[in-house]
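Lettering follows sequence order; numbering is per chain, from 1.
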Amino acid sequence: MRCVTVAAMQQSLFPDGHIPSEQNKQSGGGNSISRQDLNDAQYEAVTSTEGPLLVIAGAGSGKTRTLVYRVAHLIDMGVAPENILLLTFTRKAAQEMLWRAGLLVDSSCQQVTGGTFHAIANMLLRRYGHHLGYSPNFTILDRSDAEGIINLLKSSLSLSGAGKRFPSKRVIINMISKSVNKSVPIDDLLYDEFSHLEEFADDIFTLKDHYKHFKFEHGLMDYDDLLVNWRRVLQESTDVRREVSERFAYIMVDEYQDTNPIQAEIVRLLAYNHNNVMVVGDDSQSIYSFRGADFRNIMDFPDIFPDTKIIKLEENYRSTQPILSLTNDIIARAGEKFTKALFTRVEGGVKPIVYGGRDASEESRYIVSKIQKLQEEGSALREIAVLFRSGFHSYKLEIDLTANQIPFEKRGGLKLTESAHTKDVLSYFRVHVNPDDNLSWNRILLLIDKIGPKTAQKILGIIRSADDPFDALRDYPAAPGWKQGLNQLSELFASLKDPGISLLEQFEILLKYYEPIFERIYYDDYPKRRKDLDQLKTIFEGYSDLQSFVADTALDPPEIETVEFDESDRLILSTVHSAKGLEWDTVFVINLADGRFPLAHILPGDEMEEERRLLYVAATRARHNLYLTYPLEVMSADRRFTRTKLSPFLADVTPGLYDSTGTSGYSFSTGIPDSPIAYKQRPVIPVKKEKSINTSLMQKGTNVRHPFFGEGQVERVVSDKTVDVMFDKHGLKTLHLDYARLEII
DNA sequence: ATCGCCACCGTTTTT
DNA sequence: CGGTGGCGAT
């Protein structure tokens with residue numbers, strides 16, 4: 001049996017173990033970086049057991065391999081695997097890295113700890129969160145929890161003062177819903193909506209405080225809280241900081257350009273004892289700014305960790321020269337960046353092909369026929385990928401692929417823990433483990449027929465004030481319509497409490513109760529959903545106590561061990577974001593029409609720059625064949641067809657770097673001068689010129705006042721119009737002076 | 001007042 | 001597909 005470390009396996013965080021022998025390690029095959037790929041100084045830096053290290057590398061240049069190489073090397077030097085912490089972008093990436101490093105170890109489960117920042121935060125906060133007063137039973141919110149939160153909030157939110165005037169309760173509820181769904185901090189939303197209403201600033205603070213306390217009291221954390229609280233624990237408890245820093249003597253971070261300032265701070269705090277940090281990243285592949293990622297973290301790294309050794313990798317091992325020439329040309333037109341001219345020794349290759357179809361159907365047909373041709377030529381489907389900007393861009397293609405019996409796997413869909421039925425099952429267990437989990441109570445009460453939000457609220461009110469919630473549930477004066485449903489729920493918990501039954505029996509008992517509900521609620525598609533429940537059961541079987549099962553599934557379920565390498569030969573459909581770090585022989589990037597990629601509502605400036613990098617990431621996934629396709633007609637929101645043209649990113653490219661093809665009769669190569677803007681008109685941003693000032697009057701330390709954030713000091717002048725300000729009450733904000741009414745005081 | 005069902009609309013990206 | 005709003009039933 002093989003073990004892979006994933007952060008979710010909480011019980012193995014601090015295992016006793018031994019160092020794996022050389023023979024336990026598998027070679028990463030042709031993917032291993034070799035001594036020859038690095039010059040002497042680079043090799044020395046990568047294999048040194050000391051000091052901070054920054055690897056800046058282009059797409060396909062082996063940055064992850066370099067990181068893995070160092071992990072393997074450290075272990076060879078006698079560093080115990082459990083003293084190494086790998087922070088990666090997705091958990092899958094962590095597993096893949098460990099696999100490559102040969103750190104899959106037989107039965108002993110000697111492990112390198114690895115995972116996402118959030119997964120590690122989840123794990124460590126449950127262990128150390130009591131330093132901030134957090135119970136180890138906290139719940140992590142995802143977008144499907146908004147409804148439940150609001151139901152809880154409605155009963156607790158009295159909104160005295162704030163609610164009677166503007167903003168209305170309705171507006172507030174909507175805003176909190178948006179905050180949870182989009183994972184946007186409530187501060188930012190309040191600021192966006194109400195910064196013009198200075199007289200309500202106090203009300204908004206009250207509301208914000210209320211929401212913060214509400215989350216704390218209910219043990220709820222959204223994704224941001226997870227990081228913020230984890231940083232606080234490290235900042236405020238020297239004991240924890242020392243213990244963790246000693247435990248993780250080597251810290252590795254992949255895709256560092258996608259970290260946000262909080263994550264960068266966490267890295268610094270984690271390494272407080274030793275500075276043994278290696279980060280790897282590429283500023284040209286920074287595509288997560290919407291989530292707060294800032295590629296300046298890479299630039300700032302050497303300042304935060306003095307004596308950083310910097311390694312620049314400029315050779316590309318992935319793509320042929322024609323593909324590289326095109327991708328280099330695309331990224332060369334970007335604004336701020338480290339300049340890296342990538343070159344390759346991979347010889348030959350064909351030029352990328354740009355295809356314009358009449359509409360989405362024709363585009364889709366072209367792709368299907370190309371895929372069929374590639375198959376005939378002997379390509380495996382798993383070596384082909386279709387990438388797109390947004391999830392729904394592939395709908396048409398999915399239909400055509402199904403019709404042509406081409407199997408495919410769509411990446412970036414709903415995760416197991418996000419699907420409603422999985423959340424249902426987990427909620428019963430959560431309540432069983434922690435009767436104070438009101439969010440889960442709310443959920444399972446709503447599942448009973450004839451109980452809606454209002455009734456659930458009433459029952460919850462009684463349960464919460466009772467000494468024993470389960471007794472209160474049993475004795476609740478139910479109305480005839482749902483009396484039986486409530487009794488059955490009560491009986492369920494009574495049976496689960498029986499100390500004589502095993503964990504697996506508990507699962508069976510629960511399923512027996514849940515089954516009828518399941519079939520009633522998901523009557524149209526429950527056979528499909530049942531597979532997820534089976535999968536959940538398999539995961540459940542790997543646990544010896546309910547507590548760790550609940551903790552581990554709070555964020556993401558541990559993956560079921562697959563004994564064999566995945567043999568299924570399927571085409572990959574993926575958003576560009578989910579394709580990060582992966583590569584295929586043939587890549588199709590579809591829907592490259594103006595308004596689809598970049599999306600219609602993207603504004604010129606930083607957003608547009610990120611779209612460009614996104615295309616760069618997409619196109620650099622290809623090893624040998626790159627197809628860029630677009631429709632000349634798209635269906636807009638009002639279901640009308642409108643003509644469009646090639647994405648400006650491709651229209652700009654130096655001529656000759658790709659071959660054009662497409663439907664005859666359409667002059668796609670010359671562009672369509674008279675085509676109207678297809679979908680939304682770009683909003684005109686009102687610029688308040690009269691009050692705008694510029695940064696020439698400011699420097700670090702200048703005292704400023706903002707109508708919403710209050711007083712603060714300038715932290716950094718970023719450009720002539722933007723400035724970072726540390727506000728006394730609201731922390732660090734980046735402000736644009738054309739929009740923010742900042743006063744110097 | 002509350003619940004459940006049906007029809008309709010618009011889709012960024014994700015830990 | 002998921003969130004929302006209207007409407008009939010209880």
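- Residue Phe290(A) and nucleotide dT12(B) are not classified as a stacked aromatic pair, given the requirement of ring centres less than 5.5 Å apart at an interplanar angle below 30°.
- Judged as a side chain to side chain donor-acceptor pair (under 3.5 Å), and not counting sequence neighbours, the contacts of Ser440(A) are Asp437(A).
- Among residues two or more places apart in sequence or in another chain, the side chain to side chain donor-acceptor pair (under 3.5 Å) test is passed with Thr327(A) by none.
- Between Thr575(A) and the phosphate of dT12(B), there is no side-chain N or O to OP1/OP2 separation shorter than 4.0 Å.
- Judged as a salt bridge (Lys or Arg N to Asp or Glu O under 4.0 Å), the pairs with a partner in residues 440-459 of chain A (not counting sequence neighbours) are, in order, Asp424(A)-Arg443(A), Asp449(A)-Arg520(A).
- No side-chain heavy atom of Phe89(A) sits under 4.5 Å from any side-chain heavy atom of Thr116(A).
- If you take CG of Asn591(A) and P of dT12(B), they are 14 Å apart, rounded to a whole angstrom.
- Counting any heavy atom pair closer than 4.0 Å across all strands shown, Gly391(A) reaches sugar-phosphate atoms only and no base atom.
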Show each protein N/O and nucleotides 4-6 of chain B N/O combination with a separation under 3.5 Å, one pair to a line.
residue	atom	partner	partner atom	Å
dG4(B)	OP1	Asp449(A)	OD1	3.0
dG4(B)	OP1	Lys450(A)	N	2.3

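- Applying the side chain to side chain donor-acceptor pair (under 3.5 Å) test to Ser490(A) and every residue at least two apart in sequence or in another chain returns nothing.
- Per the geometry, CG belonging to Asn229(A) stands 16 Å off C1' belonging to dT15(B), to the nearest Å.
- Look at CE on Met123(A): it is 15 Å from C1' on dT15(B), rounded to the nearest Å.
- A search for side chain to side chain donor-acceptor pair (under 3.5 Å) contacts involving Lys423(A) returns Asp142(A), Ser144(A), Asp145(A), not counting sequence neighbours.
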